[in-house]
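Inspection log for the structure reproduced underneath, given as structure tokens.
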Amino acid sequence: MASWLPSKLTSASLLIIGVLFHVTYICSIFDIYFTSPLVHGMEQHRVEAPAPAKRLVLFVADGLRADKLYQFHPDPKTNELTTRAPYLRHIIEKEGSWGVSHTRVPTESRPGHVAIIAGFYEDVSAVTKGWQMNPVNFDSVFNQSEHTWSFGSPDILPMFAHGASDPDRIDTIMYPAEHEDFGTGMRPSMHVDQLGDASELDTWVFEHFTELLEKSKTDPVLHNKLHSDKIVFFLHLLGLDTNGHSHLPMSEFYLNNIRIVDEGIKKVTEQLSEFYNNDGKTSFIFTADHGMGNRGVHGDGHPDNTRTPIIAWGAGIQGPNKVNPQGHDEFSADWDLNEYSRKDVRQADIAPLMASLIGTHYPVNSVGELPLPYLDTPESFRAASTFANTLQILEQYHVKQELKRRTELLFKPFPGLTGNHSPEAVKAQVQALIDAGKYKEAEAECVIVRDLCLEGLRYLQTYDWLFLRSVISAGYLGWIAFSLNFILRKFVGGQDSRLGPLGGPRTRRPIANVASAQENQAVNVLSVVVFAIFSVILTVKHSPALYYAYVAFPVFFWSRVILNRRELLSAISKTTQNYGWVKTIGSVLGYIVALEILVYSYFNRGILSICFLFLALWPVFLPAAVQRNNTLLMASWSLSCLGTSIFTLLPVETGEDKFLILSGGLILTVSGFVSTAVVPGITADPQQPRTAVTARNVMILQTGLIALSTVIVNDTVKSLAAHQGLPLLNQTLSWIILFVTGSIPFVYGARSSQHYLLRMVIIYLSFAPIFILLSISYESIFYFCLSATLLSWLMLERKIYSASEMQPLSDTLHLEKRGLTGASSSSTGNSSSANGATAATVDYPIRGLSPKDARPAIFFLFFINVAFFGTGNVASLASFSLQSVFRLTTVFNPFFMGALLIIKILIPFFLVSSIFRVLGRSLELPPFSLFLLGLATTDVMTLNFFYLVRDDGSWLEIGTSISHFCISSLMVLFTILLFALSDLLVGHVLVPVVGEGQRKKRS
């Protein structure tokens, strides 16, 4: 079978292989960087000495940025700078310890709470469950407590009760999910003057905590539970997160919510003090799961999302240190707290701190390091706590090492935990120091061993990285070679000057270039042997099934490349003979340099603006034959390039701007009227006058929907700004417009033969209302500028090709009917257009790819990047504001809102792919050749990002590097799907082709 597979491979087959490959290999980044750290079977460890506290109160202010809590803000009445959290500042100055808790990506609620309460950083596979339910059960402080009462959101509370060793140990008191409304943030009983303020969610939590204490006065069972040791109160405060999404973190709603939280915490503290008769046995910890970006979004590694506050006070907590304050930097310079030590922690360190304070077992999966500067306990207790923390992490290392040892042929243990630092030696050494009363030495030894344990866990976690990285690299390189092999053989290596329907040569391939049966058999046997060897290794390692696919792809790709090497070399030889070595090598090098520039654009959007400035000068270097009589088109290209270049210089962190929204709507409305007046006339068929009338009526409807969308958005913005919620009429009309205008290009003209220019305008006007509905700033203006640039590019490329063929574009309109399978049908018929043009279905005039086609291919990839980065940095989730979906829904639903954001992101892609599809037809290329060229070479960028992935440095650098890799890989899938969509949108358009006379001359 393998002997005929390469010769029978079609473009559709290559696309299917490409989809399967990239879907599979995207998972590799999770297997390498986000494998679950959890292991089971560890012994539990705790401090046997009496704990300083009997109970602990954990406040988690969801979505609270550290700087917003600690900074001074203008008072809305007096405009004087004042703190919005006077009680917490009093705690910092008089009673407790404070600092910054550094989270890690993904900065979402689920992984943040898991790190705080369980002490480990959850694997990214939890995203498949919306960061809410548990992909893997884990231990937590709540699970180790005698009893836990939790109050707050149904998105967070259930995950700690689910999978607990005793579900009755954890009580969850939750409000309904409908209360999490970004438009009003209210519950049914909310007063009118509170509409739009989600702080009611926090008020609900504080009220129900009070009700619990009141209920205990008449419930003896509850009273006894509340007076037990090792109990926890967890208050999840979602108001800040909801207000941050709705109104942004610099808004008065967000800042006022801080005040409400501060007042609530003060009340809870006073209530517990009274309830427990001031016994001084309550510890308090206040922190946040993640921060909030300036656009009201979180999820990535931006410092605004990773830096959260931590304040601790009460039993066992160190008081303020004003003797030698340390830990400050530029971040805390304007907080006026420089005389108090700032004690930063990693988010996972909070879990062992809580376990130590109330004397529970440390969560067995925790990798947090006990933050000793927060403890105010006897040295013996500190040493014992540190020892228990170290033993708990050492136990994980021991279990993980044994699991790895059983699955490796030649296992190499972590050298740092051998000899004097072996687990057995460590336990004996530290215990001897504690028994001898050398507590400081014991602490120091524990810190050294604990760090070695964490390094050892890291060593075991990354043990397979070299193997996996090598396999993944071989896979990507194999795909590039395999797909380029196909392209060169099918679209360059044909013997005729014109190729067959899918780029296959009209004549049979030379026998000399085809691998012999013996070669086929030898390569296939070698492939099977190589895969079998790797399979044995993977079986011994107990590797997941997906690892076999990681190995299978490179084995398959490289075996096909070896089998077709002669045809590949022949195609390269033919290209160099026809175009010369200098031109061929120059095109290849230029293409690679352009790809590297696109890689750099991921780190600096401004590079795209520089590229646009150079592209604006492109007409100056065009041949005189093109410059003649095309002044208006060249001016249009240059102006549109200059206009589009502005957007990649604008900040991505922008708030809602009604003026820009209305300006964009006005520009799109005017462009709709101009298009309606001009396009139907110049594309009309005089023998079918009704088609022009129908086209004009459809465009009038589209323009009307654009204008209506602008009016609706204006009114909705006013309503939301006045905190009156999302008007039902506006919401209904917005949904109707979205479905009606989104269906027009698929219902009207999708299966009929429209002129390509009319078709492109119909598509442009169809998506304009959707873009307006989802815009919060300059996005609609960007949509207009990008559309003008793309249309100018298409027209200019057609003129360049016409001049290069030394033949003006003929009056023959070519109609292609073809699917992804490569089947084509054509017949001959004639009709006259308005200009005397002939609309016909003719034999598809197809030529082979040449070095000059590298330009449109790299332009396509360039515009794909512009579509991604034009209105935001798609590598950063914080670049896209949830405000844009509030015109359609305000009730929190991460997947639903995310789907709307994805639609907004993909609309520019629809335009780019449709234009590119028509361009391939205009250049007389096989339907998928240019697209496949771009598809094959995109992974040059993916490999760059694969090796630029960082697992050290700041969380921003780590998160961004991973985002870049995932986006580059997903870009291939997006492009494949969008090209299939473009085939549906523009696959049947009429396109003028180069004159028949010149085509016969070349043949």
Side-chain angles (χ1 to χ4, degrees), residues 615-616 618-641 675 678-679 682-683 753-764 786-816 833-840 842 844-850 852-860 862-863 911-927 929-931 933-934 982 985-999 1002:
L615 290 177
W618 181 33
V620 177
F621 303 97
L622 293 178
V626 178
Q627 294 184 9
R628 261 192 317 268
N629 302 323
N630 289 311
T631 304
L632 184 61
L633 175 59
M634 292 187 297
S636 172
W637 163 262
S638 297
L639 290 175
S640 59
C641 281
S675 300
V678 175
V679 175
I682 64 176
T683 61
S753 304
Q754 286 184 335
H755 191 283
Y756 79 96
L757 183 57
L758 173 63
R759 186 67 184 152
M760 293 311 306
V761 173
I762 291 291
I763 294 172
Y764 159 72
L786 177 64
S787 301
T789 305
L790 290 171
L791 188 59
S792 300
W793 174 48
L794 172 62
M795 305 297 290
L796 201 54
E797 287 283 6
R798 287 172 50 79
K799 296 293 184 181
I800 294 171
Y801 181 62
S802 173
S804 68
E805 297 295 308
M806 298 176 294
Q807 180 77 15
L809 294 169
S810 84
D811 290 334
T812 300
L813 292 175
H814 169 239
L815 169 63
E816 176 205 17
S833 70
N835 302 327
T838 300
V842 299
Y844 195 117
I846 297 177
R847 63 178 176 85
L849 282 170
S850 65
K852 65 183 180 182
D853 295 315
R855 183 188 67 244
I858 200 65
F859 271 38
F860 168 66
F862 171 75
F863 283 119
L911 293 177
V912 175
S913 59
S914 297
I915 287 285
F916 195 59
R917 182 75 168 86
V918 174
L919 178 60
R921 293 264 303 279
S922 298
L923 301 183
E924 300 185 328
L925 289 167
S929 54
L930 270 182
F931 163 69
L933 178 60
S982 71
L985 289 173
V986 298
H988 299 268
V989 297
L990 298 168
V991 181
V993 298
V994 172
E996 290 293 322
Q998 184 63 25
R999 190 162 58 251
R1002 290 198 312 271

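Just so we're clear, the structure is a prediction, and the values are computed from it rather than from any experiment.
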- Counting distance only, does the side-chain N/O of Ser922 pair as donor-acceptor with the main-chain N or O of Arg798 below 3.5 Å? no
- Note on the structure: Closest non-hydrogen contact found for Val986 with Ser914 is CG2-O, 3.8 Å
- Check for a donor-acceptor pair, side chain of Glu797 on one end and backbone N or O of Leu919 on the other, with a separation under 3.5 Å. no
- Item | Rounded distance [0.5 Å steps], CZ in Arg759 versus NE2 in His755 | 14.0 Å
- Main-chain N/O of Ser636 paired to Ser640 side chain as donor or acceptor, under 3.5 Å: yes
- Message: Any heavy-atom pair between the side chains of Phe916 and Phe863 that's under 4.5 Å?
- Response: no
- Task: Of all the heavy-atom pairs spanning Pro856 and Leu923, show the shortest one and how long it is.
- Result: CG-CD1, 4.0 Å
- Give, for atom CD1 of Ile915 and atom CE of Met760, the distance between the pair rounded to the nearest 0.5 Å. 3.5 Å
- Item | Side-chain heavy-atom pair Tyr764, Leu790 within 4.5 angstrom cut-off | no
- Task: Compare all side-chain heavy atoms of Leu622 with those of Lys799 and state whether any distance is below 4.5 angstrom.
- Result: no
- Item | Residue pair Tyr756 / Arg921, side-chain heavy-atom distance below 4.5 Å | no
- Query: Atom CE in Met795, atom CD1 in Ile800: separation rounded to 0.5 Å?
  - Reply: 12.5 Å
- Message: Side chains of Trp637 and Leu615, heavy atoms from C-beta outward: is any pair under 4.5 Å?
- Response: yes
- Measuring from Leu794:CG to Arg917:CZ, what's the distance to the nearest 0.5 Å? 13.0 Å
- Note on the structure: Here the pair of heavy atoms bringing Gln627 nearest to Phe621 is NE2-N, 4.3 Å
- Message: For Phe859 together with Trp618, are the ring centres under 6.0 Å from each other?
- Response: yes
- In this structure, CG of Leu758 is separated from CD1 of Ile763 (nearest 0.5 Å) by 10.0 Å
- Message: Apply side-chain contact (heavy atoms from CB on, under 4.5 Å) to residues Leu757 and Leu791 and explain how you reach the verdict.
- Response: CA-CA 9 Å; Leu757 183 57; Leu791 188 59; 3.9 Å; yes
- Message: As an exercise, state the distance from CH2 of Trp793 to OG1 of Thr789, rounded to the nearest 0.5 Å.
- Response: 11.5 Å
